[in-house]
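Below is one structure, written out as structure tokens; the observations come after it.
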Amino acid sequence: MKKSPLKRAAIALAAVALLVSIVAGCSSSSSKSSEAKYCDSWQKVVESFNALDGIAITTSGLSGLEAAVNDITAAAKDLASSADSLLKPKVEALQDALTSFGNTLSSPQLSTDYVDKLKSESQKVDDAWNDLVNTAKTSCPDVQASSV
């Protein structure tokens, strides 16, 4: 017995709907997987940045601060590799600010100009951080990051 054209169309439509839902499910899990990596990377950046609060320059000297900046830079590099197009420029701005701060930090001088330059560079890091926090908090609401 032949199936009517209407039944064949309904079967074809059901097959297409099934295929679309399978493909959507795959892309959705892939998207969730990349989002998880993205949020995990963001969490590491936040933890590295928060570790700055524990730096005691009077006991560890500049080397402790340099190590913390290196940790944040490494975590930001990992985040940049998984960031989406909205977040990537913010991460890159933080990386640039950290690089500039690190370069200034690694060439200490005994002058007020040096201290002023460090303050200026640290303000750029703070500004880039705040911009990144404001952008990332909507994408990864479970990651608790605060502005400085």
Side-chain angles (χ1 to χ4, degrees), residues 9-148:
I11 291 171
L13 185 59
V16 169
L18 178 63
L19 182 61
V20 167
S21 68
I22 289 171
V23 169
C26 290
S27 68
S28 173
S29 73
S30 167
S31 173
K32 287 182 182 183
S33 171
S34 65
E35 183 179 307
K37 180 175 176 13
Y38 166 90
C39 291
D40 288 344
S41 296
W42 173 229
Q43 179 66 46
K44 289 175 185 169
V45 172
V46 171
E47 290 169 0
S48 298
F49 198 84
N50 288 342
L52 284 173
D53 288 339
I55 303 289
I57 294 183
T58 55
T59 57
S60 66
L62 292 181
S63 63
L65 184 56
E66 287 175 335
V69 168
N70 290 338
D71 289 346
I72 298 167
T73 302
K77 182 179 179 181
D78 187 44
L79 176 60
S81 70
S82 63
D84 61 11
S85 61
L86 178 66
L87 193 64
K88 194 170 199 113
K90 311 292 184 183
V91 177
E92 290 170 349
L94 178 63
Q95 288 175 303
D96 292 345
L98 286 167
T99 298
S100 185
F101 180 79
N103 290 341
T104 302
L105 190 62
S106 66
S107 57
Q109 304 163 3
L110 294 174
S111 72
T112 55
D113 289 341
Y114 176 73
V115 173
D116 290 341
K117 185 164 181 161
L118 272 179
K119 286 180 184 177
S120 173
E121 297 297 334
S122 68
Q123 184 60 51
K124 290 177 187 174
V125 171
D126 288 351
D127 292 344
W129 173 256
N130 292 338
D131 199 21
L132 180 59
V133 167
N134 288 331
T135 303
K137 69 182 174 185
T138 57
S139 301
C140 299
D142 292 339
V143 178
Q144 299 300 312
S146 48
S147 300
V148 289

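Counting begins at 1 with the first residue of the sequence.
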Find the distance between CD (Q43) and CD (Q144) and round it off to the nearest 0.5 Å.
-> 8.5 Å
Does a sphere of radius 6.0 Å around NZ in K88 hold more than 12 heavy atoms from other residues, nucleotides or ligands, not counting ones at 6.0 Å or beyond?
-> yes
Do E66 and N70 have side-chain N/O donor and acceptor atoms under 3.5 Å apart?
-> no
Kindly give the heavy-atom pair with the smallest separation between A68 and L52, and that separation in Å.
-> CB-CD2, 3.5 Å
Hey, are the side chains of D96 and F101 touching, using non-hydrogen atoms and a 4.5 Å cut-off?
-> no
Under the 3.5 angstrom rule, does the side chain of N134 hit a backbone N or O of N130 as a donor-acceptor pair?
-> yes
L79 and L87, any side-chain heavy atoms less than 4.5 Å apart | yes
Using atom types as modelled and distance alone, determine if a side-chain donor or acceptor of T99 lies under 3.5 Å from a backbone N or O of Q95.
-> yes
Nearest 0.5 Å, what's the OG1-CG distance between T138 and L86?
-> 7.0 Å
Which pair of heavy atoms, one from V91 and one from A83, lies closest together, and at what distance?
-> CG2-CB, 4.5 Å
Nearest-0.5 Å distance that lies between atom CD1 in I55 and atom OG in S63 = 9.0 Å
Which atom names give the shortest non-hydrogen contact between C140 and W42, and what distance separates them?
-> CB-CD1, 3.9 Å
Pick from L98, I72, L132, V133: which one makes a side-chain contact (heavy atoms from CB on, under 4.5 Å) with F49?
-> I72
Nearest non-hydrogen partners of A145 and V46, listed with the distance = CB-CG2, 3.6 Å
Between CG on residue D127 and OG on residue S122, distance to nearest 0.5 Å = 9.5 Å
Straight-line distance of T104 OG1 to K119 NZ, nearest 0.5 Å | 14.5 Å
Check the side chains of S41 and D78 for a donor-acceptor pair under 3.5 angstrom, ignoring hydrogens and angles.
-> yes
Which residues share a side chain to side chain contact (heavy atoms under 4.5 Å, CB included) with K124, sequence neighbours left out = A97, S120, E121
